[in-house]
Amino acid sequence: MATTTLHEPDAMTGTEDLNPFHIAQRQFDAAVKYLPSITPGLANFLKRPEKVVTLEFPIETRDGTVLIFVGYRCLHNRARGPGKGGIRYHPDVTIDEVRALASWMTWKCAVLDVPFGGAKGGIAFDPKKFSARDVMKVTRRFIVMLGDNIGPHTDIPAPDVNTNAGTMARIYDTYAMMHPGENNLPVVTGKPVDLGGSLGRREATARGCLFCLQRALERGILDGRSSVEGATVVVQGYGNAGSVAAQLFTQAGAKIIAVSDSRGAIHSPDGIDPDAAIEHKRQTGSVVGLPSSTELSNEQLLALECDILIPAALESQIRGDNAHTVRARLIAELANGPTTPDADRILLERGTIVLPDILANAGGVTVSYFEWVQNIENEQWEEDVVNEKLLKKMRRATDAVIDKQEEINSSLDKLQAERVKHGFEGEPLEPVDLRTAAYVYAIDQVSTVTLERGIWP
Ligand code: NAD
């Protein structure tokens with residue numbers, strides 16, 4: 001059945017609250033402590049969404065059945081520019097997941113210094129259970145009902161889980177039907193290259209993650225390893241982000257020893273050929289069964305000894321109840337929200353480095369921004385130009401986050417004194433991980449712009 005209820009399940013594991021929006025707010029609260037000049041009122045504004053639209057709409061499938069679908073679009077913050085964020089098709093989509101993903105987009109765009117705010121959308125259904133024609137109807141109906149909640153200068157969608165360039169082409173086409181005679185290409189990014197898409201966009205999320213990791217290793221965040229060459233890598237999730245990461249990391253000299261998708265995981269200590277895994281998934285629907293590999297459970301995959309673990313599937317994969325099993329030295333978050341706050345605390349204690357999503361997977365939105373600029377200027381940049389610009393953005397952002405972590409951790413007493421001066425009480429400030437440093441950097445950017453503009457009216 002393609003419908004979902006409107007209530008949000010308060011998923012709990014043990015004592016941990018896995019509601020994604022609660023997680024996003026906990027992350028925000030943990031960071032804003034390091035920005036004592038931000039008043040509680042401003043903080044409250046920054047962590048809440050500006051707008052959430054819920055739409056319920058029918059589709060008549062080929063056999064004449066009428067089904068109701070529920071979709072959401074959330075605009076979190078537009079202080080720095082129009083909303084930007086993907087559209088997800090997945091049965092577990094909830095209003096709070098969309099809120100969380102939208103807020104992560106706000107912080108991500110600020111970390112990368114991309115002039116967008118944060119937004120996200122989703123429809124709660126499993127497109128794999130429907131014909132391509134039914135999925136197209138769902139897409140078109142959703143976009144028509146969203147109406148001017150999206151637009152080239154207000155809120156610009158992009159691909160996410162179970163949506164791709166083809167979906168973006170439908171979104172563009174539907175929106176263009178509603179706005180004839182205008183340049184509508186910048187209303188959506190991640191389009192096919194022959195329809196205004198940017199060269200390099202499909203690979204951008206994974207490529208940005210590689211650039212980020214390379215820079216972080218050069219900066220010495222992992223003792224004894226200054227490059228990805230020779231590193232052992234595990235990838236959870238083998239879709240757009242994960243499979244391309246496996247290819248690019250292999251090209252950079254790393255060895256992929258395990259990968260997974262929603263149907264299971266495979267392991268090969270001698271290395272997995274990423275192209276063979278892609279082909280196997282294309283033919284069979286899963287990476288499971290790839291010749292010369294052994295099958296693993298998802299939990300076993302996350303617990304494999306390796307240099308780098310790349311979660312590239314969904315939220316809350318590494319939690320308080322399993323973080324202690326992770327034996328990777330570094331986690332590069334290609335997915336959004338794969339690590340919960342309880343897991344972060346455990347990983348920090350154990351010395352596992354986490355390159356956070358709002359930095360490590362920001363290559364996608366960065367090249368989406370390049371696509372938007374190309375569309376507005378009616379240009380098509382060469383792929384090496386796109387990749388070179390992405391490299392610069394990712395290196396600058398990675399440096400900014402590492403510098404921020406160093407700055408905070410070397411001035412904890414001073415920050416604590418400022419907190420007291422601003423009337424805050426509470427526990428002494430602890431050293432921060434890279435996620436909190438990235439948040440502090442981003443919140444500072446967004447709050448500065450908010451105050452420059454002034455709270456209207
Ligand atoms: P996708 O639909 O192309 O791929 C998702 C993959 O995860 C599929 O292989 C699926 O089988 C697998 N998967 C689902 N549940 C799983 C589970 N429990 N265990 C293991 N694998 C599982 O989606 P995508 O675009 O690659 O997005 C993946 C993640 O990356 C999401 O968190 C998304 O928000 C994030 N992300 C994507 C982009 C982008 O440009 N596509 C940009 C930034 C972040």
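First listed ligand is number 1; within each ligand, the first listed atom is number 1.
Aromatic ring orientation, F28 versus W107: tilted (interplanar angle from 30° to 60°).
With a 4.0 Å heavy-atom cut-off, ligand 1 is reached by no atom of L101. The parts of V161 lying near ligand 1 are both backbone and side chain, judged by heavy-atom distances below 4.0 Å. Under 4.0 angstrom from ligand 1, there are no non-hydrogen atoms of K128. Contacts between A204 and ligand 1 below 4.0 angstrom, taking non-hydrogen atoms only, are absent altogether.
Annotation for C212 and L355: closest pair SG-CD1, 4.0 Å, computed over non-hydrogen atoms.
When side chains are defined from C-beta on, N77 counts as touching V446, because their heavy atoms get closer than 4.5 Å. In this structure, the side chains of L46 and I443 come closer than 4.5 Å at one or more pairs of heavy atoms. Here the side chains of L301 and H267 are not in contact, with every heavy-atom distance at 4.5 Å or above.
For a threshold of 3.5 Å applied to N or O pairs, the pair formed by S262 and ligand 1 contains at least one separation below that value. In terms of polar-atom proximity, defined here as any N/O pair under 3.5 Å, A241 does make such a contact with ligand 1. At under 3.5 Å, a nitrogen or oxygen of D160, whether backbone or side chain, sits near a nitrogen or oxygen of ligand 1.
The single protein non-hydrogen atom nearest to atom 42 (C) of ligand 1 is T205 OG1, 3.2 Å, given as residue, atom name and distance. For atom 4 (O) of ligand 1, the nearest protein heavy atom (residue, atom name, distance) is G239 CA, 3.2 Å. Closest protein heavy atom to atom 41 (N) of ligand 1: N240 ND2, 3.1 Å.
Shown in contact with R201 at under 4.0 Å from a heavy atom are these atoms of ligand 1, numbered in order with element: 40 (O). Against a heavy-atom cut-off of under 4.0 Å, N361 is close to the following atoms of ligand 1: 43 (C), 44 (C).
At a 4.0 Å cut-off, at least one heavy atom of K281 sits close enough to ligand 1 to count as contact. Heavy atoms of R88 come nearer than 4.0 angstrom to ligand 1 in at least one pair.
The closest heavy-atom contact to atom 28 (C) of ligand 1, among the options A312, G364, A335, G264, comes from A312. When P338, G285, A313, S368 are ranked by how near their heavy atoms come to atom 31 (C) of ligand 1, first place goes to A313.
Relative to the ring axis of W104, K120 does not place its NZ or CZ within 45° and under 6.0 Å from the centre. The side-chain tip of R99 points at the ring of F21 from less than 6.0 angstrom away and within 45° of straight on.
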Could you walk me through whether D307 and R225 pass the salt bridge (Lys or Arg N to Asp or Glu O under 4.0 Å) test, one step at a time? CA-CA 9 Å; D307 293 308; R225 175 161 287 289; 3.7 Å; yes
